[in-house]
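Structure first, then comments.
If you read the sequence from its start, that first residue is 1, and numbering goes on from there. Because only heavy atoms are used, hydrogens play no part in the values below, and waters and symmetry mates are left out as well, while side chains stay in.
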Amino acid sequence: MRKISAIICAYNEEKTIKEVVTTVCEYFFDEVIVVNDGSTDGTANILGELKFLPSLRYVALPENKGKGYAMATGIEHATGEIIVFIDADLSNLKEEHFEQLITPVFSNEADMILGQATETLINYKINPFKSFTGERALLKKDVLPLLVKMKTSKFGVETFINLYYQAQGKRVKYVMLEGLKHPTKFDKAGSKSRAIKEFVLEGHQIALALFNNFNSLTKIVNNQINKF
């Protein structure tokens with residue numbers, strides 16, 4: 001039986017982190033790795049209270065390094081063959097959502113599963129940003145070569161992973177996670193101006209991920225073409 005590791009990366013998620021972590025730990029994951037990315041709110045205190053959970057492995061970064069760094073750190077600590085990433089700011093997370101993410105990878109139907117929460121600001125059926133989702137499952141061996149670049153990609157990490165999988169000709173499947181709620185920037189930021197600033201920052205980091213990795217990903221594509 002292949003081991004399955006869940007990875008939750010958190011930065012200032014005191015409102016939702018307890019519910020998410022306890023829900024994930026109730027499932028049959030072999031380990032649940034929580035990476036606290038230098039949170040400055042009550043996230044660390046809440047996670048400290050949850051250390052009694054038997055499957056929980058807590059990793060605390062001394063300062064905020066960015067989502068890509070936190071995800072790569074989680075992979076480095078994972079012992080499972082299958083990795084499942086779960087955002088720390090979700091609500092209404094259920095067992096069926098884990099099964100939707102895991103089953104296609106476990107049964108070799110796909111190399112990566114991208115899960116889209118249905119309770120979002122944009123209709124999930126037409127959401128152009130669904131490939132940026134934080135809910136995803138994949139094989140550890142497939143992302144090990146990406147760890148160095150993941151650490152510097154910040155919020156561009158999902159874009160980088162997606163491009164790599166596309167360049168490698170990997171099988172990617174989308175699943176709709178019915179009833180799962182993911183907050184918008186406007187829900188979390190507290191003000192419209194702050195939300196806009198965060199949107200601009202993330203957009204910049206995504207663009208950098210595209211620009212910085214264009215040449216290396218192009219080489220991968222060319223190598224794949226030359227094999228035929």
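With hydrophobic clusters built from ILVMFWY side chains whose heavy atoms lie under 4.5 angstrom apart, Leu93 shares a cluster with Phe28.
In this structure, Thr40 and Asn12 have side chains that are in contact, with non-hydrogen atoms separated by less than 4.5 Å. Residues Val34 and Val32 meet the side-chain proximity criterion, which asks for heavy atoms closer than 4.5 Å. Looking at heavy atoms from C-beta onward, Phe85 lies out of side-chain contact with Glu135 at the 4.5 angstrom threshold. You'll find the side chain of Leu144 reaches within 4.5 Å of the side chain of Leu147, heavy atoms only. Inter-residue side-chain proximity for Glu13 and Lys15 is flagged as unmet; no heavy-atom pair is nearer than 4.5 Å. In this structure, the side chains of Val20 and Thr23 stay at 4.5 Å or more apart for every pair of heavy atoms. Two residues are said to be in side-chain contact when any heavy atoms from C-beta on lie closer than 4.5 Å; Ile8 and Val35 fail this criterion.
Of the possible donor and acceptor atoms, none in the side chain of Arg136 sits under 3.5 Å from a partner among the backbone N and O of Gly115. Although no hydrogens or angles enter the test, the distance criterion places a donor-acceptor pair under 3.5 Å between the side chain of Thr43 and the main chain of Glu14. With hydrogens and angles ignored, the 3.5 Å screen pairs no side-chain donor or acceptor of Asp37 with any backbone N or O of Ala10. The backbone N or O of Lys149 sits less than 3.5 Å from a side-chain atom of Thr152, completing a donor-acceptor pair. For the pair Asp111 (side chain) and Arg171 (backbone), a donor-acceptor distance under 3.5 Å is present. Between the side chain of His182 and the backbone N or O of Gly134, no donor-acceptor pair lies under 3.5 Å. A donor-acceptor pair under 3.5 Å is absent between the side-chain atoms of His77 and the main chain of Gly74, judged by distance alone.
A salt bridge does not link Glu81 with Lys3: none of the charged nitrogens is closer than 4.0 Å to a carboxylate oxygen. Taking a cutoff of 4.0 Å between a charged side-chain nitrogen and a carboxylate oxygen, Asp87 and Lys67 qualify as a salt bridge. Comment: Lys151 engages Glu76 in a salt bridge, judged by a side-chain N to carboxylate O separation of less than 4.0 angstrom. Checked for salt-bridge contact, Lys170 and Asp142 meet the test: a charged N lies under 4.0 Å from a carboxylate O.
Applying the ring-ring contact (aromatic ring centres under 6.0 Å, His included) test to pairs two or more places apart or on separate chains, none has a residue in residues 37-74.
Taking every heavy atom of both residues into account, Ile17 and Ala88 meet most closely at CD1-CB, 3.8 Å. Across all their heavy atoms, Thr79 and Arg57 have their closest contact at CG2-NH1, 4.0 Å. Looking at every heavy atom in both residues, Thr118 comes nearest to Gly179 through OG1-N, 2.9 Å. The shortest heavy-atom contact between Ile113 and Ala110 is CD1-CB, 3.7 Å. In plain terms, the two heavy atoms of Ile7 and Ala78 that are nearest each other are CD1-CB, 4.5 Å.
Arg2 CZ to Lys140 NZ: the interatomic distance, rounded to the nearest 0.5 Å, is 14.0 Å. Note that the CD atom of Gln116 and the OG1 atom of Thr133 stand 5.5 Å from one another [nearest 0.5 Å]. Distance check: Cys9 SG to Asp89 CG gives 11.5 Å after rounding to the nearest 0.5 Å. How far CG of Leu180 is from OG of Ser91: 7.0 Å, rounded to the nearest 0.5 Å. Rounded to the nearest 0.5 angstrom, Leu101 CG and Ile4 CD1 are separated by 11.0 Å. Going from atom OH of Tyr27 over to atom CD1 of Ile86 covers 10.0 Å, rounded to the nearest 0.5 Å.
For Phe98 and Phe29, the ring centers sit closer than 6.0 Å to each other.
Exactly one of Ile161, Val105, Leu139, Val143 qualifies for a side-chain contact (heavy atoms from CB on, under 4.5 Å) with Met112. That residue is Ile161.
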**Q.** Residues Ile102, Glu99; criterion side chain to side chain contact (heavy atoms under 4.5 Å, CB included); working and verdict
**A.** CA-CA 5 Å; Ile102 295 168; Glu99 294 176 354; 6.0 Å; no
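Considering only residues two or more places apart in sequence or on other chains, Lys173 meets the salt bridge (Lys or Arg N to Asp or Glu O under 4.0 Å) condition with Glu109. With sequence neighbours excluded, the residues forming a salt bridge (Lys or Arg N to Asp or Glu O under 4.0 Å) with Glu63 are Lys65, listed by chain and number.
Donor-acceptor pairing under 3.5 Å is recorded for the side chains of Glu31 and Ser5. Using modelled atom types and a 3.5 Å distance limit, the side chains of Ser39 and Asn36 yield a donor-acceptor pair.
Residue-environment remark: NZ (Lys18) stays at or below the threshold of 12 foreign heavy atoms within 6.0 Å.
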